[in-house]
Participant: 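Here it is: the structure, laid out below.
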Amino acid sequence: MANRGPSYGLSREVQEKIEQKYDPDLEQRLVDWIVAQCGGNLEKPQPGKQNFQTWLMDGTILCRLINSLYPRGKEPIKKIPETQMAFKQMEKISQFLQAAEAYGVTTTDIFQTVDLWEGKDMAAVQRTLMALGSLAVTKDDGQYKGDRDWFHRKAQGYRREFTEEQLRQGQSLIGLQMGSNRGASQAGMTGYGMHRQIM
């Protein structure tokens, strides 16, 4: 973690707002899912944002997590080295993020490496893991392990098929978004430039 002094003013307010988004209950659910997904030989961290960050910070658990969502032999991260070198650990986090995006997590849901490494925005890390879990439940390809109620299913596309006759009928209607032409008349209107009659 970076050795930074205390922040003041606007920087402090922004950091406090970011920290308020972190959810301790969600942390516990994510830890339970990661342990269930990766296998029983993972040790759970003590509760708390700092412990959660330390648990995930070297990138090994994240790489194991994304690999466990693929069939054997088709894992996106082939080699997960155990190392204490900071740049290698950050590289593993980056590999996880690239694999998560390839899995289908949207770019807006993906955290930055420094969010986890320096602990700047652990809520963003939670958001990425939630999106990954939801996607795994939605794909329903047999690779997801754990309680299905931990994550919401993502909505699937619903294609509608219309016949040619239905499409033709739709062209003759004026949609209600454009207003209505019913009851439109000029009855009672006077020409422009005429005086108003006051009685």
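Below, each value reflects all heavy atoms present in this structure, side chains not excepted, and no hydrogens, waters or symmetry copies.
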Participant: Using a strict 4.0 Å threshold on nitrogen-to-oxygen distance, state whether D58 and K88 make a salt bridge.
Facilitator: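 Here D58 does not pair with K88 in a salt bridge, since their nearest N and O are not under 4.0 Å apart.
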Participant: Less than 3.5 Å apart, any donor N or O on the side chain of D109 or T106 sitting next to an acceptor on the other?
Facilitator: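 Yes, T106 and D109 have a side-chain donor paired with an acceptor closer than 3.5 Å.
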Participant: Within 45 degrees of the ring normal and closer than 6.0 Å to the centroid, is that where the cationic atom of K139 sits relative to Y103?
Facilitator: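 Yes, K139 and Y103 form such a contact.
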Participant: Could you tell me the separation between the CG atom of L62 and the CG atom of L97, rounded to the nearest 0.5 Å?
Facilitator: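 Taking CG in L62 and CG in L97, the distance rounds to 8.0 Å.
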Participant: Working to the nearest 0.5 angstrom, can you tell me the gap between L132 CG and Q37 CD?
Facilitator: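 Reported to 0.5 Å precision, the distance equals 8.5 Å.
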Participant: Once rounded to the nearest 0.5 Å, what's the spacing between atom CG of L116 and atom CE of M90?
Facilitator: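 That separation rounds to 9.0 Å.
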Participant: Less than 3.5 Å apart, which donor and acceptor atoms pair up between the side chains of residues 77-86 and the rest of the protein, not counting sequence neighbours?
Facilitator:
residue, atom, partner, partner atom, Å
K78, NZ, E75, O, 2.7
T83, OG1, M85, N, 3.2

Participant: I'd like to know whether CD of E165 has more than 12 heavy-atom contacts from other residues, nucleotides or ligands below 6.0 angstrom.
Facilitator: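 It does not: E165 CD has 12 such atoms or fewer within range.
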Participant: Taking side chain to side chain contact (heavy atoms under 4.5 Å, CB included) as the definition, give me every residue that meets it alongside E164, ordered by chain and number, with sequence neighbours left out.
Facilitator: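 Partners of E164 under the side chain to side chain contact (heavy atoms under 4.5 Å, CB included) test: L167, R168.
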Participant: Assess the residue pair L129 and L65 against the criterion (side chain to side chain contact (heavy atoms under 4.5 Å, CB included)); give the C-alpha distance rounded to whole Å, side-chain angles, the decisive distance to 0.1 Å, and a yes or no.
Facilitator: CA-CA 10 Å; L129 293 172; L65 174 65; 3.8 Å; yes
Participant: Write out all pairs satisfying ring-ring contact (aromatic ring centres under 6.0 Å, His included) with one or both partners inside residues 82-101, taking only residues at least two apart or from two chains.
Facilitator: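 Listed by first then second residue: nothing to list.
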Participant: In terms of side-chain heavy atoms, does K92 have a donor or acceptor partner in T60 at a distance below 3.5 Å?
Facilitator: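 Indeed, the side chains of K92 and T60 share at least one donor-acceptor pair under 3.5 Å.
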Participant: Hey, what do you get for CZ (F52) to CD (Q28), rounding to the nearest 0.5 Å?
Facilitator: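 If I round to the nearest 0.5 Å, the distance is 9.5 Å.
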Participant: First locate atom CD1 of I61, then atom CD1 of I66, and finally report the distance between them rounded to the nearest 0.5 Å.
Facilitator: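 These two atoms lie 14.5 Å from each other.
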